[in-house]
Enquirer: 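Dropping a structure here in structure tokens format, bear with me for questions.
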Number of protein chains: 2
Amino acid sequence: MSANTSGGRTRLSPEQRRDQLLGMGVELFSNGSIEEISIDRLAEVAGVSRGLLYHYFGSKQGFYEAVVRHAADDLVAQTAPVDDPDLLVRLHRSVAAYVDYVVANEQGYRSLVRAAAGGNETLRQIYDEARFALTDRIFREDAAGDLIPDTPATRLVVRAWSSFAEEAVLSWCEQPRGIDRAGIVRIVADALPALVAAAG
Amino acid sequence: MSANTSGGRTRLSPEQRRDQLLGMGVELFSNGSIEEISIDRLAEVAGVSRGLLYHYFGSKQGFYEAVVRHAADDLVAQTAPVDDPDLLVRLHRSVAAYVDYVVANEQGYRSLVRAAAGGNETLRQIYDEARFALTDRIFREDAAGDLIPDTPATRLVVRAWSSFAEEAVLSWCEQPRGIDRAGIVRIVADALPALVAAAG
DNA sequence: TGGCGCTATTGAACAAACGTCAATAGAGTC
DNA sequence: GACTCTATTGACGTTTGTTCAATAGCGCCA
């Protein structure tokens, strides 16, 4: 498990070291734990001293935030933006990409959500921005705005729909209830126009 | 702040003491803090010794869980079930009661949500059950089931709608965006039939 | 090639907080 | 007023987050 079995210290460039430590953090994320793991253990797993983690991230909280930021960026990057003129197609494909990401990365995604929802202001903001990025890029090119008009009410609905999607997909992962991939994608994607129409 | 300014100890019945400590916990909940507060401080605020908290709740986690359970029960109790033959009326009134509870108890409710979402399995389960109680009592009496049929898909949708409602109301509390109480109640209540129809 | 300097890295030391347990002292009873 | 039962305490051991002066790897220059 340890990255440095030989007794001597290994000197890396700050960027390399930072990446390594962050990588370990994300890995632990997908193994479920991380917040209940002590700094000592983190250092042990990484094969470095406690002090080094503090040197790079300032505090345990700082390390945790950096890892969450990394995971959130990964989510946004992996669910690549689709480029289609039809808004509904973009919506459908984005939801499909999101579902696939969650399926392929369930543990890590659960950890991310938990960290964001239960953490401090900074952690929540990180996840909030990721969420906004995820939805915003679906509508950004919707010049017409006739299907999804840009009003305060729809902004609220879109935001709350994100929570709907998150809960629906995670719940489905845990207990598919006979619904297949296409089914959950359809439920989540179709929900948005329905919600906007109902709120209008 | 302290409940016991005189030096001597005060002996209460276990039930009284338990209630007092739980009451303090819920109070701290509505002040925002509690998880980042130490057991020493908790004991100081309550005017008792550290050991007493361990005697009653076993661990800090145990105390935290008891407080969350108390807050969740309060939520379910305060948003009293409405007794109306019309399902849609029950839905609307339930949502209204929920909105009013969140408004009147915003800090505490936010703490509850954060604790549940970010906490361990036990904490999540506590909140999960409360959520289920909140929605289940709206539909329990719906014998006909023609408006909201009882299928795996609708169960999933109802569950996810809870998240939608939570996010919508909390977001609205923070930033009303010109929407009034009736408006947010309508958006959240109307969302459910719309979602069920879209998923059907 | 060998010494030198910069800085990445370490580990001992400190403080704060969790959890345990044998001793203590209220409150009701006879 | 003594006695018993048990609610309550506070000192102690352990774990964990954090700091900082000392150490040593790696590139550079002679």
Side-chain angles (χ1 to χ4, degrees), chain A residues 1-25 28-29 32-68 115 118-123, chain B residues 1-25 28 33-68 115 118-123:
Chain A
M1 191 64 78
S2 165
N4 184 12
T5 46
S6 65
R9 55 174 77 171
T10 330
R11 187 188 175 115
L12 302 178
S13 78
E15 192 173 352
Q16 278 181 310
R17 183 62 83 189
R18 211 186 137 82
D19 287 351
Q20 180 216 333
L21 296 176
L22 240 41
M24 173 195 65
L28 288 180
F29 237 19
S33 49
I34 205 188
E35 45 185 344
E36 58 252 5
I37 203 172
S38 71
I39 282 276
D40 294 79
R41 191 123 189 123
L42 285 174
E44 186 187 339
V45 171
V48 299
S49 71
R50 263 193 312 277
L52 199 64
L53 279 162
Y54 282 92
H55 175 69
Y56 279 101
F57 301 102
S59 68
K60 188 184 185 183
Q61 196 50 225
F63 176 65
Y64 199 48
E65 287 171 10
V67 171
V68 168
N120 62 19
E121 178 60 32
T122 305
L123 286 171
Chain B
M1 191 65 78
S2 167
N4 183 11
T5 45
S6 65
R9 55 174 78 169
T10 331
R11 187 190 175 114
L12 301 179
S13 79
E15 193 174 351
Q16 278 181 311
R17 183 62 83 188
R18 211 185 139 84
D19 287 351
Q20 180 216 335
L21 295 175
L22 241 40
M24 173 195 66
L28 288 179
S33 50
I34 204 188
E35 45 185 343
E36 60 254 3
I37 203 171
S38 72
I39 283 276
D40 293 79
R41 192 125 190 119
L42 285 173
E44 187 187 338
V45 171
V48 298
S49 70
R50 256 194 316 280
L52 199 64
L53 278 162
Y54 283 95
H55 176 69
Y56 279 102
F57 302 101
S59 68
K60 190 184 184 181
Q61 197 49 226
F63 176 66
Y64 200 48
E65 287 171 10
V67 171
V68 167
N120 62 20
E121 179 60 33
T122 306
L123 286 171

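Chain naming here is simple, since letters A, B, ... match the order of the sequence lines and numbering starts at 1 in each.
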Enquirer: Say you draw a straight line from CG of Leu53(B) to CZ of Arg17(B); how long is it, rounded to the nearest 0.5 Å?
Expert: 9.5 Å
Enquirer: Any chance you could measure Arg50(A), atom CZ, to Glu44(A), atom CD, to the nearest 0.5 Å?
Expert: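 Interatomic distance, Arg50(A) CZ to Glu44(A) CD, rounded to 0.5 Å: 11.0 Å.
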Enquirer: Can you sort out the partners of Asp19(B) under side chain to side chain donor-acceptor pair (under 3.5 Å), two or more places apart, ordered by chain and number?
Expert: none
Enquirer: Within this structure, what is the CZ-to-C1' distance between Arg41(B) and dA17(C), rounded to whole angstrom?
Expert: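 Between C1' of dA17(C) and CZ of Arg41(B): 14 Å.
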Enquirer: Could you tell me how far apart Gln16(A) (CD) and dA8(C) (P) are, to the nearest whole angstrom?
Expert: 12 Å
Enquirer: Measure the distance from CZ on Arg11(B) to C1' on dA7(D) and round it to the nearest whole Å.
Expert: 4 Å
Enquirer: Using a 3.5 Å cut-off and no angle test, enumerate the donor-acceptor pairs between side-chain atoms of residues 60-68 of chain B and protein atoms at least two apart in sequence or in another chain.
Expert:
from: Lys60(B); atom 1: NZ; to: Glu35(B); atom 2: O; distance (Å): 3.4
from: Lys60(B); atom 1: NZ; to: Ile37(B); atom 2: O; distance (Å): 2.9
from: Gln61(B); atom 1: OE1; to: Asn120(B); atom 2: ND2; distance (Å): 3.0
from: Tyr64(B); atom 1: OH; to: Glu35(B); atom 2: OE1; distance (Å): 3.4
from: Glu65(B); atom 1: OE2; to: Asn120(B); atom 2: ND2; distance (Å): 3.3

Enquirer: Report the distance from atom CD1 of Ile37(A) to atom C1' of dT15(D), rounded to the nearest whole Å.
Expert: 15 Å
Enquirer: Could one point to a donor on the side chain of Arg50(A) or the base of dT10(C) with an acceptor on the other under 3.5 Å away?
Expert: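 Between dT10(C) and Arg50(A), which were checked side chain against base, a qualifying N/O pair under 3.5 Å is absent.
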Enquirer: Indicate, with a heavy-atom threshold strictly under 4.0 Å, whether Arg17(B) touches base, sugar-phosphate, or nothing.
Expert: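 Sugar-phosphate, no base atom in range.
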Enquirer: Using a heavy-atom distance cut-off of less than 4.0 Å, which residues of residues 53-63 of chain A contact DNA chain D?
Expert: Tyr54(A), Gly58(A), Ser59(A), Lys60(A)
Enquirer: Tell me which nucleotide among dT7(C), dT16(D), dT10(C) gets nearest to the side chain of Val48(A).
Expert: dT10(C)
Enquirer: Rounded to whole angstrom units, what separation is found between the CD atom of Glu36(B) and the C1' atom of dC18(C)?
Expert: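 One finds 17 Å between C1' of dC18(C) and CD of Glu36(B), rounded.
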Enquirer: Rounded off to whole Å, could you give me the CZ-to-P distance for the Arg9(A) and dT7(C) pair?
Expert: 16 Å
Enquirer: Answer yes or no: does atom CD of Glu36(B) have more than 12 heavy-atom neighbours from other residues, nucleotides or ligands under 6.0 Å?
Expert: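 Atom CD in Glu36(B) is packed in, count exceeds 12.
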Enquirer: What nucleotide among dC5(D), dA11(D), dT9(C) has an atom nearest to a side-chain atom of Leu52(A)?
Expert: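 Taking heavy atoms from C-beta onward, the closest nucleotide is dT9(C).
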Enquirer: Can you measure Leu12(A) atom CG to dG27(D) atom P for me and round it to whole angstrom units?
Expert: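 In whole Å, dG27(D) P and Leu12(A) CG are 11 Å from each other.
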Enquirer: CG of Leu21(B) to CG of Leu42(B): how many Å apart, nearest 0.5 Å?
Expert: 9.0 Å
Enquirer: Figure out the CG/P separation between Leu21(B) and dA7(D), and round it to whole Å.
Expert: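 Leu21(B) atom CG is separated from dA7(D) atom P by 13 Å.
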Enquirer: Report yes if some heavy atom in the side chain of Ile34(B) is under 4.5 Å from a heavy atom in the side chain of Met24(B); otherwise report no.
Expert: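 Side-chain contact under 4.5 Å: no.
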